[in-house]
Amino acid sequence: MTAFEMWSRLGSVMAGLMFVWAMFKDYFPPQLRSHVEAYARKAVDQVHPYVQIKFAEFAGERLERCETFTAIQNYLSGSASAKAKRLKAESVKDSKSLVLSMDENEEVVDEFEGVKLWWSSKPVLSQKPTFSLFSSAEDRRFYTLTFHWSHRELITGSYIEHVLEKGKAVAADNRQRKLFTNNPSSNWGHYKGTKWSHVLFKHPSTFDTLAMEPSKKKEIVNDLLRFQRAKEYYERIGKAWKRGYLLYGPPGTGKSTMIAAMANFLNYDVYDLELTTVKDNTELRKLLIDTSEKSIIVIEDIDCSLDLTGQRKTKKQEKEDDEEKADPVKKMMKGEEESKESKVTLSGLLNFIDGLWSACGGERIIVFTTNFVEKLDPALIRRGRMDKHIKMSYCCFESFKVLARNYLGVESHPLFARVRLLLKETEMTPADVADNLMPKLDDEDEDACLEGLVEALEKAKEDARKKSEEEAKAAAAEAEATAARAMAEEEAQQASSVEKQENGGRGCAKEVKENGVL
Ligand SMILES: Nc1ncnc2c1ncn2[C@@H]1O[C@H](COP(=O)(O)OP(=O)(O)OP(=O)(O)O)[C@@H](O)[C@H]1O
Ligand SMILES: [Mg+2]
């Protein structure tokens, strides 16, 4: 019998005595009663100086599984699986592997800042007969934490917080990540219809497989790491714990691939927000509130999503609006069309990014992607809103080396030198390079793939040369035409001024003649 068990038994005896006292105490005078009770409590504390806290698995009227219980279970899954002899394997919701927890009536010892404490797991069976298929609240499990009363402050103050934090971190590492997309609001609320639908996120892209200049890649990885560890920093400076990234560049340069790599690196969920299906700013805010922490919110092709390129009306739009006001039929037709369209405005989106509501929950990254950064309103992408602007460029030699390793498993090859030269002379996206590196036939080996790439690069170079020649020719022709037009205009002007002079002279002569001076 361990010392703790011995104390426990003694404690039970004392508890029994207290029970008997409770039954007969009314036969004693009040003064004597209070003396006896005070001494008895002291004696119990001496004999059984341990405090116990119970954590139930289910709580509330609807018997929802307690987050605290799950966090403790996750925390104990580490130490329990190492120390307990009888374990229980459970599949927990959203967890990608089985969670090992100690079996019923098992006990494990934990240590915190040099203090020993005991965790035990016990089912409490209901005394009431039940006819339900589901067990009642009473026959669910409890975790019991036992510790010496002298450590009460340490345990209730910091240990429990430490357990919950660690437990949540274990759950985050173990959880299956999800890729969400927003549902149209007409589906919200019907038959458990939610604002977001999801599938499991299983994109294989990582920063190792992402083709990018190494120094740029390192900078981004460091930035993400700094962000992830900066909870206290954001609290201290009074800023919501979130960061905005703008990824811009031509199609096929790896913007979406980069988002997947970020999510895999940070172990975050991804919320792919389709702005065109969001009816208005209120809906946008509701969607934001419904996202979880540790997530990346993505708006792809932001320049195409909505007319967010500016709030000012053009002259043409102003004229159309005036015409509509005058014609009620036109106005009605436009109203019907508009009701289907999204009414999210630039200011709504700005509020989404850094308004008050954006601070409802931390650790979130917002990513915008675009092919045409120059089309965006500067307010949308100013620093502080989109903290980091990342240009995704055409394939450089370093990026090619990553792709060659990914696709062909080669680190070096005699054709690399040729590829290096060609990549300097021509622009090809990583997507096109990757496509050329993929074997098209079963028996195509790395030599054939690299030769194919060299050919494609040479062709791209030749096409670019021809195109620039044609453009130069067209520009020269345009310049010639402009010069000819300018000359013709000048000649015409000269001719008209001569004519005017002649007409002026003739008019003068006529006038003189008429006045009879001649
Ligand atoms: N930098 C890269 N590293 C690794 N693979 C890449 C990279 N860029 C492109 N690819 C490959 O090309 C495909 C297309 O890339 P991706 O969808 O990421 O481009 P994008 O920049 O998002 O294009 P778009 O602007 O059209 O959305 C990817 O599936 C990936 O296989
Ligand atoms: Mg993309």
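The basis for the numbers below is simple: all heavy atoms, side chains too, and nothing from hydrogens, waters or symmetry mates. Both counts, for ligands and for their atoms, begin at 1 and track the order of listing.
- Residue contact annotation: S256 places an N/O/S atom under 2.8 Å from the Mg ion (ligand 2).
- In terms of modelled atom types and a separation under 3.5 Å, the side chain of K388 and the main chain of I220 share no donor-acceptor contact.
- Close contacts of ligand 1 with N371, meaning ligand atoms under 4.0 Å from a residue heavy atom, involve 25 (O).
- One distance of note links OG1 of T291 with CZ of F180; it measures 9.5 Å at 0.5 Å rounding.
- E489 and R485 are not joined by a salt bridge, as no carboxylate oxygen comes within less than 4.0 angstrom of a charged side-chain nitrogen.
- Applying the 4.0 Å criterion to heavy atoms of Y407 picks out, from ligand 1, the atoms 31 (O).
- Of all atoms in ligand 1, listed by their number and element, those nearer than 4.0 Å to a heavy atom of K255 are 18 (O), 19 (O), 20 (P), 21 (O), 22 (O), 23 (O), 24 (P), 25 (O).
- A donor-acceptor pair shorter than 3.5 Å can be found between the side chains of R177 and N264.
- R465 has no carboxylate O lying under 4.0 Å from a charged side-chain N of E425, or vice versa, which leaves the two without a salt bridge.
- Between G254 and ligand 1, an N or O atom pair is found at a separation short of 3.5 Å.
- Scanning the protein heavy atoms around atom 7 (C) of ligand 1, the nearest turns out to be P430 CB, 3.6 Å.
- In this structure, of A211, C395, A261, the residue bringing a heavy atom nearest to atom 1 (N) of ligand 1 is A211.
- At least one heavy atom of G252 sits closer than 4.0 Å to an atom of ligand 1.
- L275 CG to L349 CG: the interatomic distance, rounded to the nearest 0.5 Å, is 6.0 Å.
- In terms of N/O distances under 3.5 Å, ligand 1 is not approached by L210.
- Counting only heavy atoms of the protein, atom 5 (N) of ligand 1 lies nearest to L403 CD2, 4.0 Å.
- Of all protein heavy atoms, the one lying nearest to atom 26 (O) of ligand 1 is P251 CB, 3.5 Å.
- Within a 6.0 Å radius of NZ in K166, other residues, nucleotides and ligands contribute 12 heavy atoms or fewer.
- A salt bridge does not link R405 with D208: none of the charged nitrogens is closer than 4.0 Å to a carboxylate oxygen.
- With salt bridges taken as basic N to acidic carboxylate O contacts below 4.0 Å, none links E283 and K286.
- Distances from ligand 1 to the non-hydrogen atoms of Y394 include no value under 4.0 Å.
- Protein heavy atom closest to atom 16 (P) of ligand 1, with residue, atom name and distance, is T257 OG1, 3.6 Å.
- Among protein heavy atoms, atom 14 (C) of ligand 1 sits closest to A431 CB, 4.1 Å.
- Counting only residues at least two apart or in different chains, side chain to side chain donor-acceptor pair (under 3.5 Å) contacts with residues 221-238 comprise D223-R243, D223-Y245.
- The protein atom (non-hydrogen) at minimum distance from atom 27 (O) of ligand 1 is S256 OG, 4.1 Å.
- The shell of residues lying under 4.0 angstrom from ligand 1, judged by heavy atoms, includes T209.
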